[in-house]
Amino acid sequence: MRLLGVARLRSADERRAWSRWAPIVAVLPGVARWPARDRRALARVISAKGGRSEDAYLARFAAHPRLGAVLRRLTGA
């Protein structure tokens, strides 16, 4: 959370999403050097996963400028 500039979470579902995403964020190559806007966008993806709408999460994920490509490289997909 600190790396992505998040100070607090709003719900138990959001906390759960962050706890599940934390190991993934920790292994993202160069995430600390991503532009601030990309790190903020990643924080919004993760927070949306803990939100009410899966559609909002999927839309934020799909719109992230780097995330999909980095995850594909990490997984070899």
Hey, is Lys49 close enough to Glu54 for a salt bridge, meaning N to O under 4.0 Å?
yes
Heavy-atom nearest pair, Arg39 first then Leu3, reads CD-O, 3.7 Å
When every non-hydrogen atom of Ser11 is compared with those of Gly50, the smallest separation belongs to OG-O, 4.0 Å
Practice problem: Would you please classify the geometry between the Phe61 ring and the Trp21 ring as parallel, tilted or perpendicular, with 30° and 60° separating the classes? | Solution: tilted
Residues in side-chain hydrogen bond (donor to acceptor under 3.5 Å, both in side chains) contact with [X], at least two apart in sequence or another chain:
X	answer
Arg66	Asp38
Arg16	Asp13
Trp34	none

Side chain to side chain, [X] and [Y], heavy atoms closer than 4.5 Å:
X	Y	value
Ile46	Leu4	yes
Ser47	Tyr57	no
Leu74	Pro29	yes
Ile24	Leu71	yes

Rounding to 0.5 Å, atoms CZ (Arg72) and CG (Leu67) come to a distance of 9.0 Å
CZ of Arg20 to CZ of Arg15, rounded to nearest 0.5 Å, is 13.0 Å
side-chain contact (heavy atoms from CB on, under 4.5 Å) between Val6 and Trp18, intermediate numbers included | CA-CA 10 Å; Val6 175; Trp18 276 91; 3.6 Å; yes
